[in-house]
> 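I have a structure here, written as structure tokens, and I will follow up with some questions on it.
In this chain, numbering begins with 1 at the start of the sequence shown. In what follows, every heavy atom counts, from backbone to side chain, and hydrogens, waters and symmetry copies are set aside.
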Amino acid sequence: MNTKKLYIVLCLLLAVAGCKKSELEQNIPDQLTVDNFWTSKEHALSGLASAYSQLEGFVAWDNYVEARSVREFYREDYVVPGADAYNYPWWTEHYNFNFTSGNYAIDLLWRENYKGINFSNQVIEGLVKMSSTAIDDASKNQYLAEAKFLRAYYHFKLLNNFSKVIIRDKVPTSEADLSKPFSSRAEVYDFILKDLKEAEPNLPLRSARPATELGRVTKGAAEAYLGKVYLYRAGEDKNNAYYTESAGWLQKVILSTEYSLDPKFVDMFNGVTKNSVESIFELQQTADASSGAYYRSYLSDWVAASELGGYGEIYGTPRLLNEMTKEGKIASGKYDARVYQTLYFNDPYFNNPADPQIYGSTYNALFGATAKTIAFRKWIPATPDRIGLSNAINFPLMRYADVLLMYAEVLNAQNNAEASKYINLVRKRAGLPDAPSGNQQTVFNQIVHERVMEFTLEGSRFYDLRRWGLLSQNMQAAGRSFSPDKAFYPTPLKEVTNNPDAQ
């Protein structure tokens with residue numbers, strides 16, 4: 001059954017202020033309740049779909065197109081907001097790093113992930129109570145594993161963005177359960193890792209998933225995120241043991257041979273390719289509205305330059321272009337192929353009238369012969385007829401290229417010369433020669449560069465710089481108003497107001 005067709009949001013939370021005990025105990029035979037919902041495999045799968053539904057706040061425009069974009073894109077040091085963005089102070093506060101606890105995008109981030117956690121907890125508790133006559137053991141164990149992965153994913157998203165996080169490991173059954181203190185970061189890391197480790201054995205390989213289930217969690221996804229969580233923790237805690245753990249899990253993904261690099265890089269970001277051979281975990285979108293649901297977005301219009309007919313809310317900077325072209329042109333007379341597949345800029349490649357590369361036009365015709373505009377190609381549709389419309393462009397959340405570069409980073413941290421091997425696998429996809437070999441710092445610098453080439457505008461850069469201890473210096477180099485206290489978001493005002501223990 002396709003999870004995209006199962007968007008059923010459960011309202012099972014019992015903590016309803018003002019309810020009388022007698023009202024809670026009434027039986028309503030024709031309505032779903034906590035007691036009668038978890039009675040079949042079909043219901044369990046519907047409940048699991050609700051846990052998936054909160055991924056990246058995709059359920060609403062403000063959550064996904066606006067809030068996610070300004071949080072993850074505007075905090076990168078290589079971007080600048082477009083002119084229209086300055087009409088929305090709650091957007092530009094992220095670019096200017098003058099946000100407060102009342103910022104709408106921050107509130108949505110907290111709310112959407114805790115909602116996902118709540119739905120995941122409902123699935124976990126509901127499945128545990130289900131009998132073998134209601135659901136077979138194999139399905140029960142797999143669904144439990146998926147729910148635990150999602151609960152870990154939501155907690156990790158929160159931990160990456162907020163310095164203080166509350167572990168929510170059960171469904172609240174009273175108002176007293178709603179008020180809960182923060183956990184230490186170490187406790188949250190331990191909780192996330194425990195969930196992922198418990199999930200991994202009972203998840204299927206990607207190759208075991210039928211086509212209708214692509215996008216659901218796999219064993220490779222759990223292993224990749226275990227590697228990522230340990231890597232992030234190693235950067236935060238400066239503990240070499242976490243590098244060893246990270247290496248072990250990332251190596252499992254590589255040795256599984258379930259994934260490979262997609263030779264058509266740009267097609268992973270323009271709607272042409274969905275769930276490619278490179279995809280380990282991916283946010284699903286579809287133009288199929290036959291179920292009455294809406295699984296498309298206007299992210300492409302938000303990103304697309306105004307010169308192309310988009311909203312033009314974000315552009316690249318000369319500093320980004322300099323980084324992406326710093327290796328110079330190779331034997332083909334062009335830069336690294338990923339530059340052209342990520343950006344539109346004033347270059348002979350985009351100004352060949354015999355082979356116009358920007359929707360059948362040249363850069364000069366669209367932007368002006370003397371323009372220095374750096375526009376994004378990533379996330380905009382492959383054909384111009386889709387500009388101005390909603391598009392079903394999947395968003396890869398974990399790619400095999402990320403696993404390879406994280407593994408290279410871990411090996412390099414351990415001073416293992418094999419690190420360059422995995423960097424060069426990624427470079428080969430772009431048609432590049434091997435990276436120069438060198439000492440540990442040289443290899444690290446190359447990894448930093450490759451992550452820019454691969455993951456620009458995928459929500460990685462800010463977190464990479466922070467875990468490397470390079471955030472302040474890069475924001476300064478970009479001329480940004482940044483101070484270290486803005487490395488994490490403050491606890492949302494609503495949480496502080498409503499939870500006496502969140503102080």
Side-chain angles (χ1 to χ4, degrees), residues 1-7 41 44-56 58 116 119-120 123-124 127 135-157 192-231 245-262 268 273-286 295 394-407 458:
M1 198 172 288
N2 193 327
T3 54
K4 292 181 293 193
K5 301 294 180 67
L6 289 171
Y7 179 59
K41 180 178 176 179
L45 189 55
S46 296
L48 183 60
S50 74
Y52 275 100
S53 74
Q54 294 303 305
L55 279 173
E56 303 307 315
F58 184 63
F119 290 165
S120 300
V123 174
I124 292 167
L127 282 167
I135 186 171
D136 61 279
D137 288 344
S139 296
K140 181 177 183 177
N141 290 335
Q142 182 185 308
Y143 295 175
L144 273 170
E146 290 181 69
K148 287 188 176 183
F149 173 94
L150 292 169
R151 183 168 70 176
Y153 183 90
Y154 293 126
H155 275 98
F156 186 50
K157 189 83 173 181
I192 292 167
L193 292 165
K194 180 175 182 292
D195 262 358
L196 290 174
K197 287 177 180 178
E198 290 179 357
E200 188 264 351
N202 293 315
L203 290 169
L205 294 168
R206 172 180 166 142
S207 57
R209 286 280 196 196
T212 54
E213 293 182 3
L214 287 179
R216 285 174 59 181
V217 183
T218 61
K219 187 180 296 291
E223 291 166 351
Y225 275 97
L226 276 161
K228 182 174 182 175
V229 174
Y230 271 117
L231 176 59
E245 288 281 359
S246 178
W249 290 107
L250 294 171
Q251 187 180 52
K252 284 178 181 290
V253 181
I254 295 168
L255 294 178
S256 75
T257 68
E258 289 280 307
Y259 309 97
S260 59
L261 295 172
D262 192 329
M268 292 187 287
T273 303
K274 297 176 184 290
N275 303 301
S276 78
V277 294
E278 187 168 337
S279 174
I280 297 176
F281 192 45
E282 185 162 316
L283 180 65
Q284 304 296 298
Q285 300 187 40
T286 177
Y295 302 106
N394 280 12
F395 198 112
L397 300 171
M398 175 66 74
R399 296 196 278 119
Y400 188 53
D402 202 358
V403 168
L404 292 174
L405 289 177
M406 286 192 294
Y407 190 54
E458 292 185 56

> Can you check whether Arg206 reaches Ser279 side chain to side chain, under 4.5 Å on heavy atoms?
yes
> Please walk me through it: do Phe395 and Phe58 pass ring-ring contact (aromatic ring centres under 6.0 Å, His included)?
CA-CA 10 Å; Phe395 198 112; Phe58 184 63; over 10 Å; no
> Compare all side-chain heavy atoms of Leu203 with those of Thr218 and state whether any distance is below 4.5 angstrom.
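They are not in contact (no side-chain heavy atoms under 4.5 Å apart), so the answer is no.
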> Might you point out which heavy atoms bring Leu48 and Ala147 nearest each other, and give the distance in Å?
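For Leu48 and Ala147, the tightest heavy-atom pair comes out as CD1-N, 4.0 Å.
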> Check the pair Asp402 / Ile280 against side-chain contact (heavy atoms from CB on, under 4.5 Å), numbers first and verdict last.
CA-CA 10 Å; Asp402 202 358; Ile280 297 176; over 6 Å; no
> Check for a donor-acceptor pair, side chain of Asp195 on one end and backbone N or O of Phe149 on the other, with a separation under 3.5 Å.
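Answer holds: no.
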> Just do the side-chain contact (heavy atoms from CB on, under 4.5 Å) check on Asn275 and Gln284 with the steps written out, would you?
CA-CA 8 Å; Asn275 303 301; Gln284 304 296 298; 2.8 Å; yes
> Could you please spell out the steps behind the ring-ring contact (aromatic ring centres under 6.0 Å, His included) verdict for Tyr154 and Phe119?
CA-CA 11 Å; Tyr154 293 126; Phe119 290 165; 9.0 Å; no
> Which distance, rounded to the nearest 0.5 Å, do you find between the CZ of Arg216 and the CG of Leu45?
5.5 Å
> Shortest non-hydrogen contact from Ile124 to Lys148?
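Between these two residues, the closest heavy atoms are CD1-CG, 3.8 Å.
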> Step by step, would you call Met268 with Arg399 a side-chain contact (heavy atoms from CB on, under 4.5 Å)?
CA-CA 10 Å; Met268 292 187 287; Arg399 296 196 278 119; 3.9 Å; yes
> Locate the shortest heavy-atom distance separating Val229 from Leu193; write the atom from each residue and the value.
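Minimum heavy-atom separation between Val229 and Leu193: CG1-CD2, 3.6 Å.
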> I'd like to know if Glu282 pairs up with Lys274 as an ion pair, taking the criterion as any Lys NZ or Arg NE/NH1/NH2 lying under 4.0 Å from an Asp or Glu carboxylate oxygen.
no
> Just to verify, what does Lys157 make a salt bridge (charged side-chain N to carboxylate O under 4.0 Å, His left out) with, not counting sequence neighbours?
Glu56, Glu72
> Specify the closest pair of heavy atoms between Ser276 and Thr273, including all atoms of both residues, with the distance to one decimal.
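Heavy atoms of Ser276 and Thr273 come nearest at CB-CG2, 3.4 Å.
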> Going through the distances and angles, do Lys197 and Trp249 end up as a side-chain contact (heavy atoms from CB on, under 4.5 Å)?
CA-CA 10 Å; Lys197 287 177 180 178; Trp249 290 107; 4.2 Å; yes
> Under a 4.5 Å cut-off applied to non-hydrogen side-chain atoms, are Leu55 and Tyr153 in contact?
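Leu55 reaches Tyr153 side chain to side chain.
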> Quick check: closest heavy atoms across Gly215 and Phe281, and the distance to 0.1 Å?
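Heavy atoms of Gly215 and Phe281 come nearest at O-CE1, 3.6 Å.
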> Among residues at least two apart in sequence or on other chains, which ones pass side-chain contact (heavy atoms from CB on, under 4.5 Å) with Thr257?
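By the side-chain contact (heavy atoms from CB on, under 4.5 Å) rule, Thr257 matches no residue at all.
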> Sequence neighbours left out, what passes salt bridge (charged side-chain N to carboxylate O under 4.0 Å, His left out) with Glu223? Give chain and number order.
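Testing Glu223 for salt bridge (charged side-chain N to carboxylate O under 4.0 Å, His left out), a comparison that skips the adjacent residues, returns none.
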> Do the non-hydrogen side-chain atoms of Val217 and Tyr225 ever get within less than 4.5 Å of each other?
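No. Closest side-chain heavy atoms not under 4.5 Å.
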> Quick check: closest heavy atoms across Ile192 and Ala152, and the distance to 0.1 Å?
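That closest heavy-atom pairing would be O-CB, 3.7 Å.
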> Any carboxylate oxygen within less than 4.0 angstrom of a Lys/Arg side-chain nitrogen, looking at Glu200 and Lys252?
no
> Just wondering, do Pro204 and Gln142 contact through their side chains at under 4.5 Å, heavy atoms?
yes
> Do Phe156 and Leu196 have side chains that approach each other closer than 4.5 Å (heavy atoms only, starting at C-beta)?
no
> Would you mind reporting whether Tyr259 and Ile254 have side-chain heavy atoms less than 4.5 Å apart?
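Not in contact.
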> Going by heavy atoms in the side chains, are Glu258 and Lys219 under 4.5 Å from each other?
no
> Report the distance from atom CG of Asn202 to atom OG of Ser139, rounding to the nearest 0.5 Å.
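One gets 11.5 Å once the value is rounded to the nearest 0.5 Å.
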